[in-house]
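To start, the structure under review is shown below, and the notes come after it.
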Amino acid sequence: MIKKVLLFFQNSMLFFVAFILFTLFVFFQKDVVPFLAQKYLKEFDVTYSSIEGTLFHGVEVSDFIYQESIKAKKLTLKYNFFSLLQPTPRVAFLGGDTVFIDLDKLLAMQSDSSHFALNISETQLTNATLRYKNENYLFDADATNLSYRELLDIEKLKLKAKTRYAEGTFEGEVREGVLRGKSSLQLSKEIEKKYIDFLEYNPKKLLLDVVIDAKKIDLRTTLKNTSIKEFSDLSIKDTTLEFSYLIEEESFTIFATYDAYYKEYAAKIKQDVFVDANFVAHSKLEAKITDKKESLPFDTFSMDIKHDNGKTDMHFSAKEIEADVKTHDFKKFFIDADTRYAKFDAELLRDKNETLIESNIQPTKEFLHYKEYDLSRFSKLFITLHEKNDEISLFVKSDILWLSIFGNEEKVKGYGAFGHSFYDYKVDLQNKTASVNTKIESLLTFTKELDANFSQTSFNAKIEAQSEIDFSDTLEIVTKMNVPLYTLKLDSKSSFSGKDGTAEFIYKENELTLKRYSFDIQNRRIFSDKTSKVFINENSDIELQEFWIFDTLLLKGLVKTGDLSADFSLKSDKFNYESPEANLSLKLDLQIALDMHKQRIDGEIEILDGTVMYKPRRTYSIGDEDIIIIQDIKESVQKSNREINVFVTSSKPIAYKTKEISLLATPNLFIHQKMNSFVEIFGVVNIKSGEVVLSDKVFELDESELYFYGGKETNPHLNLNLHYYTLDYIDIEIYVTNKMSSPVILFASKPAMSQNDILSYILFGESASSVFTAEGTSKTSLNTLLLGTGLKKMLNESTSVKFDTINILTNKEGTLGYEIGARLNKRIRIIYKNDTISSLILQYSLSKSLRVDVDIKETGQGVNIIYAKDFNLHTP
């Protein structure tokens, strides 16, 4: 029994040793692998040129080809044979040199075969080529712990790739078929030239965050600096890009945020770009302006961009601005814009150092500052701009405007005209200063060319101005203006003119500072050397903060440019008014309101001191109220749009002096005017003292009054008390009452005398009975004749009407009357007679012998036809 057991054990050991020897021969013998490979690999469509290695440790295959989908110059496979027997086989090392992988064929094969699992501890591929959708991608790869169970996982992956799009490196991992990591990428020259040739960016190597799965590729990167080659003034900084590529659709999307800078302007921008399989790009851009040197009509804007086969269409949208831009090569642009301010089209050409712009601009009447103007004269504005080698020439032309500009980035000069106004200017762009000379031949013509009729007044002037402008910090304009000749017509009756006007003012930060001015109005100089300040507020209204007239008269108020209305206050504690008519010191406080339909003046004027020399116009009329003269004359009706409520007073008596009159008076008057009515005067003028000189006769004034009760004509009631003192101490009192147009004169004397003697004393200095004592002459008739002669002389000297007949009449009661006659022309003569009753005789000569007298008396009227004939009488 023991013998049989030992024999079995012996035979078993021999079999095991033989099996081990056979196994060692098979797994470790180098000749076995080529034998088995030649026998079995052809069944799996694998070809090769040579194979080396053992079944236990691995093999090395040269010129490996698998179904024309995988090729390798050298393929190395290292493993532990027992690790291949696990449910998921594990390979220790997989290496390939000069590898070609056709991913399209592999994916097609995988879709028809069953799933398998595989682990590879280390993978290394050099000089590898991956073909996908007929595109070749060159790469080198190092992978650690690669596993495949329906999805690919790689614990650590390093790639160095090169494609026709870009080349770069990658380090990351693959989890559940999703590749994640960081990459350094540089775009190829082909892609740069095709898509972003207009860009300059830094850094050239992009640092990317990469996420790739079977459906899409996501990349994220940043750029420090970017610029557009054709726009050197435009720069882009701190750009963040997110790139997403859809593999099946072969389209990609880019999301970008960046800061854009153009000269003194800055903006934060968000932009997204979509590119489809046909490389048609659509982009949406939104921007918010964060920094600006000067005000812009908008704070945000957006752009829609389409790029297709080299053609780019852009739509710009901002607050009340829409514009379409087309370009083929970013060198030639076509622009069509519609804004609140204007519609315009333009063509822009850019070529190296040369730029040409031609544009037609149509201003819109909806814009506030244009709405009152006839814009046809500005339409269309034609603009040509040419820039070459940093030299610029600009030409602007319309129906009424032309402008030329020449210069560079340092200096600009030019000239222009607007209708009948002419300009020439020089600009220093480095120091940001300018000098402008302006010449306006006719301001009235200029305003008509502007189509700006601001009011019913008519102002015309020739203006010459020199302006120095500083725009280095804030806009400041210093102007010296000369007005050689000007006229102002307020209405049909009021007009003014002057010459040699000057003004000097400064404009800065919406404030106008008037340093000094001087204007001649009706031979009177209006001036001020005191600084005045005028401010233009945010509504473009004009605020007169401090406007001085004659250095003592202060005007304040607001002018609203929207409706051309104004409210002013005019004040002065002591304003000196000096003219040929008066020399006065005034204290005044007036409120003035103006608009296009009415004017209103309220306030007070106090006369502090001075002298009035004004001599009113004399209106001579028949003084008897019973006389009625009918004339077929229609008075022109002029409606006034003015309201006046002004009090005129004085703190002490004011001197009034003319050639015949010298007096002291205190006014207490109210000047009033209603709308569509005339000016009326109410109140009283108290005459304190004075004298009247007529034909060397001095008449002294006692306290008297002039009472004003309104009315269309200034016709005050008189209460005048005069004294005439003779050499023999006779006091002749003269009282003048009733209205100025029809005064009633009463005489009295101390001691009492007859009217005849009073008038004789006034004319000859002695009584009527003492003037002549010649015998044979009637004293009464002679005195009456001399009295009439003296009265005629006195009236002719003191009036502008020359009387050809004036007689003193005596009546049966012994009182005096008078007869006054004046010839108006060759045929008409008027005689006014007042003895016992008043009568008016109008004499009209029909011929040398025939005359018609129209006699109007208190008791009735009559017409006399008088025939006059000369007779030659011969007496014996």
- Message: Quick one: does any side-chain atom of N278 pair with a main-chain N or O of V280 as donor and acceptor, under 3.5 Å?
- Response: no
- Message: Quick check for you: to the nearest 0.5 Å, what is the distance between E200 atom CD and E192 atom CD?
- Response: 8.5 Å
- Message: Just verifying a value: how many Å separate I526 CD1 and S518 OG, rounded to the nearest 0.5 Å?
- Response: 9.0 Å
- Message: Within 45 degrees of the ring normal and closer than 6.0 Å to the centroid, is that where the cationic atom of K326 sits relative to F333?
- Response: no
- Message: Strictly below 4.0 Å, N to O, side chains only: are D218 and K216 in salt-bridge contact?
- Response: yes
- Query: Can you name the one residue among F505, W548, F547 that meets ring pair (Phe, Tyr, Trp, His ring centres under 6.0 Å) with Y517?
  - Reply: F547
- Message: What verdict does the salt bridge (Lys or Arg N to Asp or Glu O under 4.0 Å) test give for E504 and R516, after you've listed the backbone C-alpha separation in whole Å, the side-chain angles of each residue and the deciding distance to 0.1 Å?
- Response: CA-CA 6 Å; E504 183 177 341; R516 59 185 58 87; 2.8 Å; yes
- Query: Does atom CZ of F382 have more than 12 heavy-atom neighbours from other groups under 6.0 Å away?
  - Reply: yes
- Pair K182 + D209: basic N to acidic O under 4.0 Å: yes
- Take atom NZ in K284; do more than 12 heavy atoms of anything else shown fall under 6.0 Å from it? yes
- Item | N/O donor-acceptor pair under 3.5 Å between T290 side chain and K268 backbone | no
- Message: Walk me through whether D428 and K426 qualify under salt bridge (Lys or Arg N to Asp or Glu O under 4.0 Å).
- Response: CA-CA 7 Å; D428 187 338; K426 294 180 180 179; over 6 Å; no
- Contacts of type salt bridge (charged side-chain N to carboxylate O under 4.0 Å, His left out), residue K533, not counting sequence neighbours: E511
- Query: N389 side chain to E391 main-chain N or O, any donor-acceptor pair under 3.5 Å?
  - Reply: no
- Message: Donor-acceptor check, side chain of S188 to backbone of Y165, threshold 3.5 angstrom: yes or no?
- Response: yes
- Message: Can you classify the ring geometry of Y415 versus W402 as parallel (below 30°), tilted (30 to 60°) or perpendicular (above 60°)?
- Response: perpendicular
- Assess the side chains of E468 and S435: does a donor N or O sit below 3.5 Å from an acceptor N or O? yes
- Can K397 be said to sit on top of F395's aromatic six-ring, NZ or CZ under 6.0 Å from centre and within 45° of the ring axis? no
- Message: For N202, I'd like to know if atom CG has over 12 heavy atoms of other residues, nucleotides or ligands within 6.0 Å.
- Response: yes
- List in chain and number order the residues that pass ring-ring contact (aromatic ring centres under 6.0 Å, His included) with F279, two or more places apart in sequence or in another chain; answer none if no residue qualifies. Y195
- Message: Can you tell me how far apart CD1 (I236) and OG1 (T226) are? Round to the nearest 0.5 Å.
- Response: 5.5 Å
- Item | Note, F471 side chain near K432 side chain (heavy atom, < 4.5 Å) | yes
- Message: Testing the 3.5 Å rule here: is there a donor-acceptor pair between the side chains of S251 and D276?
- Response: no
- Task: Inspect the contact between R164 and E190 and indicate whether a charged nitrogen and a carboxylate oxygen are less than 4.0 angstrom apart.
- Result: yes
- Item | Gap between atom CG of L394 and atom CG of L403 - 0.5 Å precision | 6.0 Å
- Message: For K311, I'd like to know if atom NZ has over 12 heavy atoms of other residues, nucleotides or ligands within 6.0 Å.
- Response: no
- Query: Hey, which of H307, Q271, K306 is the one that makes side-chain hydrogen bond (donor to acceptor under 3.5 Å, both in side chains) with S283?
  - Reply: Q271
- Query: Do S472 and N431 have side-chain atoms, one donor and one acceptor, less than 3.5 Å apart?
  - Reply: no
